[in-house]
Amino acid sequence: MISIATPATDPTSIGPGLLGFIVVAAIGVALFFLIKSMNRQIAKIEVPHEGSKSD
């Protein structure tokens with residue numbers, strides 16, 4: 001009779017591994033470039049002054 005209750009591997013030793021690290025690192029790199037691009041776009045915005053009216 002085969003026992004189904006005993007797992008072949010230790011459940012405490014299972015982790016995300018290399019693939020999980022690569023995914024998290026890729027998200028971090030993408031976030032870095034998105035924030036860098038956002039800062040460039042925000043720097044281009046010109047705020048109108050209160051004293052000047054363009055009627």
Side-chain angles (χ1 to χ4, degrees):
M1 184 175 210
I2 299 173
S3 176
I4 300 174
T6 57
T9 59
D10 184 20
T12 60
S13 68
I14 298 174
L18 181 62
L19 180 63
F21 172 75
I22 291 172
V23 169
V24 170
I27 291 172
V29 170
L31 182 64
F32 171 76
F33 285 112
L34 283 170
I35 290 173
K36 189 174 176 181
S37 174
M38 180 188 67
N39 284 336
R40 269 189 266 129
Q41 296 299 323
I42 290 175
K44 290 180 184 178
I45 297 174
E46 293 182 14
V47 180
H49 297 289
E50 288 291 325
S52 63
K53 290 191 178 188
S54 59
D55 286 335

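Scope of the values below: all heavy atoms of this structure, side chains included, with no hydrogens, waters or symmetry mates.
- Scanning for side-chain contact (heavy atoms from CB on, under 4.5 Å) contacts around K44 gives Q41, with sequence neighbours left out.
- Other cluster members for V29: F32, F33, joined by side-chain heavy-atom distances under 4.5 Å among Ile, Leu, Val, Met, Phe, Trp and Tyr.
- Atoms CD1 and CD1, from I42 and I35 in turn, are 10.5 Å apart once rounded to the nearest 0.5 Å.
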